[in-house]
Number of protein chains: 2
Amino acid sequence: MEDVADLRRFNRYFTRRIGVLDDHYLGQDRPLGEARLLFEIGDGVSLRELRTRLGLDAGYLSRLARALEAQGMVRVGVPPHDNRLRIVEPTPAGRVEVEEQNRRADALAAGLLQALTPDQRAELTGALATAERLLRLAGITVEVVDGAAPDARACLDAYAADIDARFPEGFDASDLVGPEEVSGEAGAFLVAYEGGGDGVEGPGARPVGCGALRRLEPGVGEIRHVWVHRDARRLGLARRLLAGLEDAARARGLDVVRLDTHRTLTEAQAMYRACGYTEIPAYVDHVYAHHWFEKRLTDGPAS
Amino acid sequence: MEDVADLRRFNRYFTRRIGVLDDHYLGQDRPLGEARLLFEIGDGVSLRELRTRLGLDAGYLSRLARALEAQGMVRVGVPPHDNRLRIVEPTPAGRVEVEEQNRRADALAAGLLQALTPDQRAELTGALATAERLLRLAGITVEVVDGAAPDARACLDAYAADIDARFPEGFDASDLVGPEEVSGEAGAFLVAYEGGGDGVEGPGARPVGCGALRRLEPGVGEIRHVWVHRDARRLGLARRLLAGLEDAARARGLDVVRLDTHRTLTEAQAMYRACGYTEIPAYVDHVYAHHWFEKRLTDGPAS
DNA sequence: ATAGTTCTTTGACTAAAGTCAAAGAACTAT
DNA sequence: ATAGTTCTTTGACTTTAGTCAAAGAACTAT
């Protein structure tokens, strides 16, 4: 558990060094709660959204928002479609204040980096980018859900929209797997969830990827619809999904998985190869398939 | 200022994701202030030390400590040498509580890393180590001080002790530069300070390195006693000091700087070479010198 | 011995942050 | 239309975190 100690060590150092400062300087003229809220409001959100995002008490939040309104920092309005809700928007004065917050934070960060050479800065931002990428990946959980679950269908819709935009010939959504093909013993449907702001399971978790496994013929499964949300790409999530689907295949007694892919999806093809898939002749023929891959699952330390 | 944005971005993500959680879970049973204090107490410190380290109000701190005492978490005693001071030590119950805090934080960190493969964890800890190294380096300021200043002498003492332990023949401190050689126009003495916990100038700053420049002959300077504290090595600080000394030499109209080094200090030799120094014949002869280096300062974009 | 300084304690406050419950308006599903 | 749910507001609190000043005990330097 060396890693754990390293992470905690960094956390201690970093929050001492930067996190605390940031907060402290951020709201010099007003209470931290208000300053943070004003910052979170951005270009306008509903109180409801803020409440779940920040985990604040409804009463407390209401008062904070009204206090900001009284100071002329925000306008509180009612959205057209639901009169229970309140949407909070910054006034010009509020925007100025946020700008000021940002300038202060920028100045602080700039002062912090000042002593470094351009090379060192580049190294630092590279390291931070790597760390963020891996921390994000670590915060994503992959779960088996029913093929008919709303999250599953939402992912497939997003997938269909993505590739419809990408394939020159477009994509017809009727080619998607049906819920019954990927449920229970017949197959599996995985959804990747990126946790809310705090990284633990909670109301903020949203689907950022999916993948389906269905039975093709005895002992042979087919992997379909491996998709990762635009915001969650380049984290290594597709590999995680793929590995999860392979596990599901093994658990269902399948020795081989196959998949096909479109000629335009070259990164996907490279990934399949890197994950141990080998190209094979067409095992099925349909419009969007130009390359076919296969992987034996029985080799290696399979259960 | 792309770097600044990157740093702030990471800061936002990281504190949201980890920092906040850590704090929140740390003190589930008691107020954060108390929990943090108990944690900071460690194996026992004086209130005075805590006050400067945490920047707390004396009255507030006194009450916090007494509250912990009333709960049986700490014992407050008087040190033998000064009856004004109070030293706070954890009781067995207090230690158990800190252990519990640590277990929680460890579990949290472990849960966070759980989804990563060993390779990914190694990549993450590597990136965090790099980031920490560069952030520390960024938090170190190099200042010109008088050669007779207490910090200067303290650094030279530490330097002498270090190389005395390192040279097979030991080191005689009478070989150190005198204060007058490195002050004003005659030369320069640089001290590197690592800021306190918060990274800004403050009471916590402590000297972690030094370097001296003296005039050797017209137009030629000599760099001596470049030293970095054990805790601040491998950050790239020696290079910073060297660059600072070269600037000081340029500012004094010197075109060339020389230095000598002991045969055992191979990393130093490698660093000098990497910084543009070339080995030359002995320009002076004394016991601890086995390699001599020189660098012209007039090339490049000198002022 | 004395004056000045350091350190802690105590009293008297304040502001911020947050909790809980009740109530009312507005929506949704049946 | 009715019952149940969602969302915000308000009132009445509590706890936490912190500030400031005065005072007293203990030290240090002269």
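Chain naming here is simple, since letters A, B, ... match the order of the sequence lines and numbering starts at 1 in each.
Using a 4.5 Å heavy-atom cutoff, the side chains of A:Val228 and A:Tyr159 are not in contact. With contacts defined as side-chain heavy-atom distances shorter than 4.5 Å, the pair B:Arg95/B:Glu99 does not qualify.
B:Ile41 CD1 to B:Glu89 CD: the interatomic distance, rounded to the nearest 0.5 Å, is 10.0 Å.
Ionic pairing of B:Arg9 and B:Asp3 is not present here: no N-O contact between side-chain nitrogen and carboxylate oxygen is shorter than 4.0 angstrom.
If you check C:dT8 for Watson-Crick or wobble pairing at under 3.5 angstrom, you find it paired to D:dA23.
Looking at the side chain of B:Tyr60, the nearest of the listed nucleotides C:dT10, D:dG18, C:dG18 is D:dG18. Distance from the side chain of A:Arg84 is smallest for D:dT6 among the nucleotides C:dT10, D:dT6, D:dC27. Side chain of B:Asp82, nearest nucleotide from D:dT16, D:dA26, D:dT10: D:dA26. Nearest nucleotide to the side chain of B:Arg51, out of D:dC27, C:dT8, D:dT16: C:dT8. Picking from D:dG18, C:dT8, C:dA16 the nucleotide with the shortest atom distance to the side chain of A:Pro31 gives C:dA16.
Counting any heavy atom pair closer than 4.0 Å across all strands shown, A:Arg63 reaches a base atom. Using a 4.0 Å heavy-atom cutoff across all strands shown, B:Asp57 reaches at least one base atom of the nucleic acid.
Between A:Arg48 atom CZ and D:dT6 atom P there is a gap of 10 Å when expressed in whole angstrom units.
Sequence order on DNA chain C of the closest nucleotides to A:Glu34 and A:Gly59 puts A:Glu34 first from the 5' end.
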